[in-house]
Structures are given as C-alpha cells and as structure tokens.
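Since the model is a prediction, treat every value here as computed from it, not as a measurement.
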Amino acid sequence: MTESTDPRIAQLLKDHVTRMGQRVETGNDPGLPIESQALRSIYRNYDKIRTAFEPTATGIVVIQTSTDQDTVAALQQHA
C-alpha cells in the first residue's frame with residue numbers, strides 16, 4: 001500500500017503504479033540503470049506473476065502473487 005494525503009502525490013502514485021504494472025504484465029523492462037536485481041527478476045519472470053490493483057482514496061494497494069518461490073522472493077524484496 002502506498003498512499004499520500006497530498007491529492008497530487010496520491011494521483012501520481014496511482015498513475016505510476018498502474019503504468020509499471022502494465023510494463024510488468026508484458027515483460028516490457030525499460031532497462032534503467034537504477035533497477036535493482038529484484039526488479040530485473042520481476043520483469044524476467046513477468047509471466048509467473050498475478051497482479052491486482054485496488055485504488056484507495058489516497059493512493060493504491062498492489063497485490064502480487066506467484067507460485068514460483070524465486071519470483072515471490074523478488075516481489076517481496078522489491079516491495
């Protein structure tokens with residue numbers, strides 16, 4: 001869960017999380033030099049991840065699951 005009491009920041013959070021979720025769903029890794037190994041693993045194993053988004057009044061909740069233990073570890077590390 002990521003939230004902010006600032007409405008502008010809350011909307012930015014929702015937009016960012018949604019866009020990144022779309023990238024993960026397709027394995028579209030932007031290859032940024034600041035990516036962690038966990039994030040690279042998430043993009044590599046995108047087809048093993050199920051994601052759900054739940055917008056809140058002040059942000060968004062992301063629920064990601066996988067049956068692959070290495071992918072679960074990467075999701076937990078990234079979170």
Which heavy atom of [X] sits nearest to which heavy atom of [Y], and what is that distance?
X     : Y     : result
Phe53 : Gly21 : CZ-CA, 3.6 Å
Ala10 : Ser4  : CB-O, 3.8 Å
Tyr46 : Val24 : CB-O, 2.8 Å

Which pairs, with at least one residue in [range] and sequence neighbours excluded, count as a side-chain hydrogen bond (donor to acceptor under 3.5 Å, both in side chains)?
range          : answer
residues 25-34 : Arg23-Asn28
residues 53-64 : Glu3-Thr56, Glu3-Thr58, Thr51-Gln64
residues 67-79 : Asp68-Thr71

Atom pair CG (Leu32) and CZ (Arg40), whose distance is rounded to the nearest 0.5 Å: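 Here the interatomic distance stands at 8.5 Å.
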Distance (rounded to the nearest 0.5 Å) between Lys48 NZ and Ile42 CD1: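 It is 13.0 Å, given to the nearest 0.5 Å.
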Hydrophobic cluster membership, Met20 vs Leu75, 4.5 Å side-chain cutoff: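 Same cluster: Met20 reaches Leu75 through Ile, Leu, Val, Met, Phe, Trp or Tyr contacts under 4.5 Å.
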Hydrophobic cluster membership, Ile63 vs Ile60, 4.5 Å side-chain cutoff: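 Shared cluster, no.
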